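Worksheet: the structure to be examined is printed underneath.
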There are 2 protein chains.
Amino acid sequence: MPRPLLEELDTPALVVDLAVMERNIERMAGLARQTGVGLRPHAKTHKSPWIAHQQLRAGAIGITVAKLGEAEAMVEAGIRDILLAYPILGEQKLSRLERLLNEADIILSVDSLEAAEAMAQAVRRSGRGRARVFIDVDTGLRRMGLGPGMPTVELAERIARIQGLEVAGLMSHAGHVAAARTPEELAATARRAAEALVETAEILRRRGLPIAHVSPGSTPAACFEAQVSGVTEIRPGTYVFNDRNTMDRWAAGEADCALTVLATVVSRPAPDRAVIDAGSKVFSSDPSVRGDGTFGHVVGWPGVRLQRLSEEHGVLVFDPDHNGVQLRVGDRLHIIPNHVCPAVNLSDVLYGYRDGRVVREIPVMARGKYR
Amino acid sequence: MPRPLLEELDTPALVVDLAVMERNIERMAGLARQTGVGLRPHAKTHKSPWIAHQQLRAGAIGITVAKLGEAEAMVEAGIRDILLAYPILGEQKLSRLERLLNEADIILSVDSLEAAEAMAQAVRRSGRGRARVFIDVDTGLRRMGLGPGMPTVELAERIARIQGLEVAGLMSHAGHVAAARTPEELAATARRAAEALVETAEILRRRGLPIAHVSPGSTPAACFEAQVSGVTEIRPGTYVFNDRNTMDRWAAGEADCALTVLATVVSRPAPDRAVIDAGSKVFSSDPSVRGDGTFGHVVGWPGVRLQRLSEEHGVLVFDPDHNGVQLRVGDRLHIIPNHVCPAVNLSDVLYGYRDGRVVREIPVMARGKYR
């Protein structure tokens, strides 16, 4: 197959600088090695078995997924060690879970007795009869999970009494670190959250429950979490590509962003405005953690702001005396999205390139698997 | 095939009350008939040929699409009269356009000489040799298009001199009406925008260019646009389903919203909070025109706010003394999304129901066609 030049690729397209991605994968694997924790990357960022296999080859102990459909896509591609970080409810999903348990080594996750009891039925019906479960703990995000300390301890002990479930770990997602206004505040918030998880595990151990795994997870928090004594594994996802929000949370530079949206200028209707062919159907509408209402970092054009998105249009604005006025219809731009995970979920394929040539189409096999 | 009950459907799912959708289709067709304008619905809302055919049977003169890939999906399904409301640039797309012109009756749209010249090449290479083109005019949205009056007149006259292109109409999208704070302000803004389009067409006619079509387009503006003398067609899209932003722009009530997200409560971690299994991968992150940062209208649960979305989680919040505290893990809710178009783009299928039974799976054939 001839390898097309990046410049020949039709737009909009999600393009991946494979060398940068490989460096990101190796760097996070190195952090895990150096700090002696396991690495269980969240595959929701790439949704691609080909990339998950690279993470495993670099030393990851397994992967994390959010939904059953993502787990199925990964098992289909030969991946065996998967944390399914979502409560599974309803007959259709419990039947799928039963099949999945027979095919791979699945760790479950739960934050309520109701979901634990439902999932235990699927576990007992499966050939294994028993499954490990992580209790999801709220260390500050205010999404899933009871609080650390006694609320989680009491829930874990009740779940441990359910036949078929082995409470093997505690997990959390420290997404609330994104609200930090300084790197110091982010580090302190990340450490405090991980420590709360470790302390809760210690209470459970003292009371007789052998909690083997303590698993916080977040890309900007990863390097702080990994250094907290008692943490056994980390679950960052975004690091594989990084994005503008990761940059704005002091965890990546522009050169660490492996994935960009390649877009074409389709209109120059005003001196201070250009329109590109990529809108919220490519970037998603996820906001910037800056709170300035912009939607991406335009590489090589400082001062050109991706100010508005509609579904098929991205509106770039700049001062009329800015060099943005040089943008012409047909010009092509690389733009780093605010949040790379939902952008990947909007595409069926990513284009991997090296040295300016597209060398691989990466199918987003687990795209759209929200069930 | 047995017809499953809506209650048996796995979640999250996008479900369509077919009776409400049919009423919406008929009502807009009736408005067009009564006001004597053509109706050319924007198919980006449903992305489904099955629904487009219903709109055509109800009296639509053709459909509108945003991207070439959407046009191809519609032509594939036998639809012939299509306004392709986007400038087409780049060799790959121009080759596709050439094929498309041979297969269907495509009206082009453009807002620059550069794009017009590129598209004219594809037109001249095609079997037809000639195509109608609408000039896209900025009547206030500040996205595509030059301003009404002389900027558009001069562009239209230059494009009319390009061999192969027949400047047949002026079009606009009055998306800026969504910023109105009162129904009166919305009506006035919509009328003013449509009148500017009509006046520009009249200038062009006086100067010798026979502009047959004057085409504004927006669901909340539609009934005002249709009554402006000189408007020949309207292009609303959202009306087929309606959504929360349409409700908040006084153009639909809850009972007019045909599409809801069916979701299940998966966690009740705190007295004032419940979590559902649908997040931004189902709703999209598109904001509310209210500016209150919420993401949908929870049908039957006033006071329960869909306050936050992450990719796989929707966080419902309510006062601790509110009846929302009765929500239990496993409960199912219908939620009207802020913006229905990007939600549809995130699903491969919609579930059509009547009288509580799922009677049809509607494939979203043009999902993800951003090229």
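Letters A, B, ... mirror the listed sequences (proteins, then strands); counts begin at 1. As the structure is a prediction and not an experimental result, all values here were calculated from the model.
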Would you mind telling me which of L155(B), D111(B), V315(B) has the largest number of heavy-atom pairs within less than 4.5 Å of chain A?
D111(B)
Count the heavy-atom pairs under 4.5 Å between each of S284(B), A115(B), G145(B), G175(B) and chain A, then report the option with the highest count.
G145(B)
Quick check on [X] against chain A: is it the side chain, the backbone, both or neither that has a heavy atom closer than 4.5 Å?
X: L9(B); answer: backbone
X: R332(B); answer: neither
X: V137(B); answer: neither

Option passing salt bridge (Lys or Arg N to Asp or Glu O under 4.0 Å) with E311(B) (candidates K67(A), R143(A), K44(A))
K44(A)
R273(B) side chain near D138(A) side chain, heavy-atom distance below 4.5 Å:
yes
Separation of E91(A) CD from E8(B) CD (nearest 0.5 Å):
11.5 Å
Side chain / backbone / both / neither for [X] at chain B, heavy atoms under 4.5 Å:
X: E312(A); answer: both
X: A118(A); answer: neither
X: D348(A); answer: side chain

Smallest separation among heavy atoms of R371(A) and Y351(B), with atom names:
NH2-OH, 3.1 Å
Applying side chain to side chain donor-acceptor pair (under 3.5 Å) to T11(B) and not counting sequence neighbours gives T264(B), D277(B)
Considering residues at least two apart in sequence or located in another chain, which fulfil the salt bridge (Lys or Arg N to Asp or Glu O under 4.0 Å) criterion with E114(B)?
none
